[in-house]
Amino acid sequence: MSVVVYIPNDSAAVSIGADQVAALVAQEAVKRSLDVTVVRNGTRGALWLETLVEVVTPQGRIAYGPVQPGDVSSLFDADFLHGGAHPLALGETEAISWFAGQDRVTYKRVGIIDPLSLNDYESHGGLTGLRKAIAQSGADIVAEVTASGLRGRGGAGFPAGIKWKTVLDAEADQKYVCCNADEGDSGTFADRILIEADPFTLIEGMTIAAVAVGATQGFVYLRSEYPTAIKRLRDAIDIATSAGVLGSSVLGSSHAFNLEVRVGAGSYVCGEETAMLESLEGKRGVIRSKPPLPAIAGLFGKPTIINNVLTLASVPAILADGAAAYAARGTGRSLGTQVFQLAGNIARGGIIETAFGVTLETLVKTFGGGTLSGKPLRAIQIGGPLGAYFNTSHLGVSMDYESLAAAGGMLGHGGVVLFDDAVDLAQQAKFAMEFCALESCGKCTPCRLGSTRGAETIEKIISGVDVPANKLLLLDLCEVMTDGSLCAMGGLTPLPVKSAMNNFPEDFTGGAKK
Amino acid sequence: MSYPSWSIEEATRVLSPLKDVQGPVLIALQSIQERFGYVHDEAVALVAETFNVSRADVHGVLTYYHDLRTTPAPARCIQICVAEACQSVGSRDLVAAVEKKLGKLIDETYADIEIKSAYCFGNCALGPSAMVDGELVGRANVEKVTA
């Protein structure tokens with residue numbers, strides 16, 4: 001009987017040699033006349049273990065990692081096809097503490113199934129939520145999502161059910177569902193991994209949204225920096241359409257829903273929902289003022305649900321297992337699970353899905369294992385380029401929307417980036433301003449011009465020019481940007497700048513650190 | 001990657017399947033770039049005429065997006081991520097080392113090679129990251145990037 005070996009085709013795994021490992025495993029099997037079937041799954045999210053090779057045995061899936069191309073022949077020598085002992089052997093995958101300590105809901109199937117096998121998807125619980133949804137009224141679906149407490153995972157944290165209800169109640173000849181997959185924040189990759197590893201979950205979530213509010217057309221706005229995800233999602237949409245999951249009759253029901261991928265063009269601000277709408281309409285990605293809300297007048301002026309990938313991908317599980325099961329997780333008003341991403345200078349980076357309320361320390365130390373360099377941890381940026389820089393005195397903070405806001409930061413899209421003691425926070429603050437200058441859409445003056453003036457002012461502080469006066473000027477500028485910008489680009493760029501100044505004042509004294 | 005040289009006839013063929021697309025300008029320019037490797041000056045008028053929008057609108061879109069280019073791409077393209085997660089694992093040093101080895105500067109224009117700053121490939125746990133001729137490279141170093 002053929003032995004099944006799983007080797008990820010995720011782009012992160014491929015970036016460090018997974019394709020070579022897969023090719024060598026197939027070659028070596030032929031050379032040794034062994035019957036091996038290589039299945040390319042998505043990554044399970046333990047990027048520090050990539051390339052993670054798993055063998056299906058009667059005892060379950062046995063893992064080996066991180067496997068380099070040069071290790072393949074020794075794995076065969078060790079009879080890894082039957083779970084043989086080897087220095088890279090990790091035992092049963094599910095029992096590895098890094099995985100066992102997680103609570104995977106949105107990411108339930110990620111890394112476990114063949115991403116483009118609809119059969120695999122269904123046999124692991126896929127389409128259960130959609131089947132339940134088409135048997136219900138739109139109002140009931142929306143009520144279920146509202147009761148789950150699901151909030152927008154893109155960063156704003158707005159309750160998904162309330163947004164959906166607004167679109168449901170809007171009268172229009174056409175409604176849209178748009179998925180924001182313009183995951184431009186440095187330190188985040190959960191959207192990409194989900195799309196590459198389990199694209200049908202996103203398709204199912206969007207279809208449930210469409211059925212709920214009566215939308216017939218959906219778009220996924222996916223960034224051009226993710227070529228593998230673009231191809232994977234388009235392939236998955238074709239498969240779902242052929243199978244009747246999408247199309248004129250969703251699973252044989254009276255609902256029609258078609259889905260299309262639109263590719264971004266390298267603009268960070270198009271991750272802001274109204275700039276994304278402009279870009280989807282083929283225009284410059286300049287943000288719109290609100291109101292009107294996109295839920296009332298969104299894409300092409302029609303009522304539009306806009307949600308992040310992780311928000312929509314959480315919906316199938318909520319419908320399948322019920323709102324109560326989802327809402328039983330988490331803390332306070334942050335219910336359910338969050339897909340955290342451990343990134344940067346980290347020993348064990350990757351995806352940690354767990355209920356809200358886990359401490360930063362648990363993420364960074366228990367899961368992350370501290371810095372990759374082994375040098376002392378100095379700074380942690382949470383929530384992407386617009387998120388705050390924390391110092392190690394904040395390690396006890398509970399990772400949920402309210403606690404992070406109270407600590408002077410934000411959850412954003414759940415990215416956690418570690419820096420060791422080589423970091424210079426004045427340089428990081430300057431970079432935040434420079435990035436804003438580069439990516440500002442130009443609509444609001446405080447963002448368009450303030451970002452350049454901000455970078456110049458921080459450079460003066462670094463060079464020791466009139467430091468106290470320039471620090472005051474910088475704080476004043478930050479206030480203008482916060483209050484005078486329409487969207488989060490200009491409005492939140494002051495967050496990394498001011499948090500760096502508050503939490504690392506020693507880096508803003510004018511003595512340029514080399 | 002090699003591309004055919006610019007021709008209005010071929011560009012017209014590229015645009016013809018997009019006639020029914022709502023909001024077609026960005027897709028039209030992306031399709032032209034995919035075919036020819038860049039967006040030729042003459043494409044602006046062609047797209048404007050094909051979709052009945054002003055040339056100013058097309059020019060506005062063309063100059064807004066970082067991805068769209070108006071000159072042919074050099075044979076080699078190295079993009080190095082310089083965003084925060086990659087900074088934390090030494091992307092600034094990587095840029096300096098690549099500049100030194102190749103004797104070229106990042107984000108400057110050269111005929112044979114392009115070295116560009118990039119902002120996140122979603123490979124933030126295996127940085128520094130680079131994209132070398134379309135291939136994502138994790139745990140990048142000067143050898144891998146200039147190989």
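A note on names: the letters A, B, ... follow the listed sequences, proteins ahead of strands, and every chain is numbered from 1.
Neither the backbone nor the side chain of Thr371(A) comes within less than 4.5 Å of any heavy atom in chain B. With a threshold of 4.5 angstrom between heavy atoms, Leu438(A) approaches chain B through its backbone and through its side chain. For Leu299(A), no part lies near chain B; criterion is any non-hydrogen pair under 4.5 Å. Both the backbone and the side chain of Cys441(A) come within contact range of chain B, with heavy atoms under 4.5 Å apart. Only the side chain of Val269(A) comes within contact range of chain B, judged by heavy atoms closer than 4.5 Å. Contact annotation for Thr188(A): only backbone heavy atoms (N, CA, C, O) come within less than 4.5 Å of a heavy atom of chain B. At a 4.5 Å heavy-atom cutoff, the contact between Leu47(A) and chain B is made by backbone and side-chain atoms alike. Of the atoms belonging to Arg348(A), not a single heavy atom falls under 4.5 Å from chain B. Asp185(A) touches chain B through its backbone: at least one of N, CA, C or O sits under 4.5 Å from a heavy atom, while the side chain does not. For Phe219(A), no part sits under 4.5 Å from any heavy atom of chain B, backbone or side chain. Contact annotation for Tyr268(A): neither backbone nor side-chain heavy atoms come within less than 4.5 Å of a heavy atom of chain B.
The two residues Gly266(A) and His66(B) make their nearest non-hydrogen contact at O-CD2, 2.7 Å. Contact record, Tyr65(B) with Cys270(A): CE2-SG, 3.9 Å, taken as the closest heavy-atom pair. Across Arg262(A) and Val21(B), no two heavy atoms sit closer than the pair NH2-CG1, 3.4 Å.
Distance alone, capped at 3.5 Å, is enough to place a donor-acceptor pair between the Gln30(B) side chain and the Val263(A) backbone. Here the side chain of Ser15(A) pairs no donor or acceptor atom with the backbone of Leu136(B) at under 3.5 angstrom.
Heavy-atom pairs under 4.5 Å with chain B were tallied for Pro227(A), Gly350(A), Gly264(A); the largest tally goes to Gly264(A). Of all the listed residues (Ala432(A), Pro385(A), Ser224(A), Gly184(A)), the one sharing the greatest number of non-hydrogen pairs under 4.5 Å with chain B is Pro385(A). Of all the listed residues (Pro496(A), Gly349(A), Gly282(A)), the one sharing the greatest number of non-hydrogen pairs under 4.5 Å with chain B is Gly282(A). Between chain B and the residues Ser11(A), Ala12(A), Gly285(A), the most heavy-atom pairs under 4.5 angstrom are made by Gly285(A). The residue among Cys81(B), Gly134(B), Ser129(B), Gly60(B) with the most heavy atom pairs within less than 4.5 Å of chain A is Gly60(B). The candidate with the highest count of non-hydrogen atom pairs below 4.5 Å against chain B, out of Phe300(A), Phe419(A), Phe189(A), Trp48(A), is Phe300(A). If you tally non-hydrogen atom pairs under 4.5 Å between each of Leu342(A), Ile346(A), Leu372(A) and chain B, the highest count goes to Leu372(A).
Residue-environment remark: NZ (Lys19(B)) exceeds the threshold of 12 foreign heavy atoms within 6.0 Å. Arg55(B) CZ: 12 or fewer foreign heavy atoms inside a 6.0 Å radius.
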Tell me which donor-acceptor pairs under 3.5 Å the side chains of residues 140-147 of chain B have, and how far apart each pair is, sequence neighbours excluded?
from, atom 1, to, atom 2, distance (Å)
Asn141(B), OD1, Glu143(B), N, 3.2
Asn141(B), OD1, Lys144(B), N, 2.8
Lys144(B), NZ, Gly138(B), O, 2.9
Lys144(B), NZ, Arg139(B), O, 3.2
Thr146(B), OG1, Lys101(B), NZ, 3.0
Thr146(B), OG1, Val142(B), O, 2.6

Pairs under 3.5 angstrom only: tabulate donor-acceptor contacts from the side chains of residues 41-53 of chain B to other protein residues two or more places apart or in another chain.
from, atom 1, to, atom 2, distance (Å)
Glu42(B), OE1, Trp6(B), NE1, 3.0
Thr50(B), OG1, Leu46(B), O, 2.5

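Annotation: side chain of Gln87(B) is not in contact with side chain of Val423(A) (no heavy-atom distance under 4.5 Å). Inter-residue side-chain proximity for Tyr64(B) and Glu278(A) is flagged as unmet; no heavy-atom pair is nearer than 4.5 Å.
Atom CD of Gln22(B) and atom CD of Glu260(A) lie 10.0 Å apart (nearest 0.5 Å). From Glu225(A), atom CD reaches atom CG of Asp67(B) across 6.0 Å, with rounding to the nearest 0.5 Å. How far NZ of Lys283(A) is from CG of Asp57(B): 9.0 Å, rounded to the nearest 0.5 Å.
Scanning for ring pair (Phe, Tyr, Trp, His ring centres under 6.0 Å) contacts around Tyr226(A) gives an empty result, with sequence neighbours left out.
Using a 4.5 Å cut-off between non-hydrogen atoms, the part of residues 103-126 of chain B that approaches chain A consists of Tyr119(B), Cys120(B), Phe121(B), Gly122(B), Asn123(B), Cys124(B), Ala125(B), Leu126(B).
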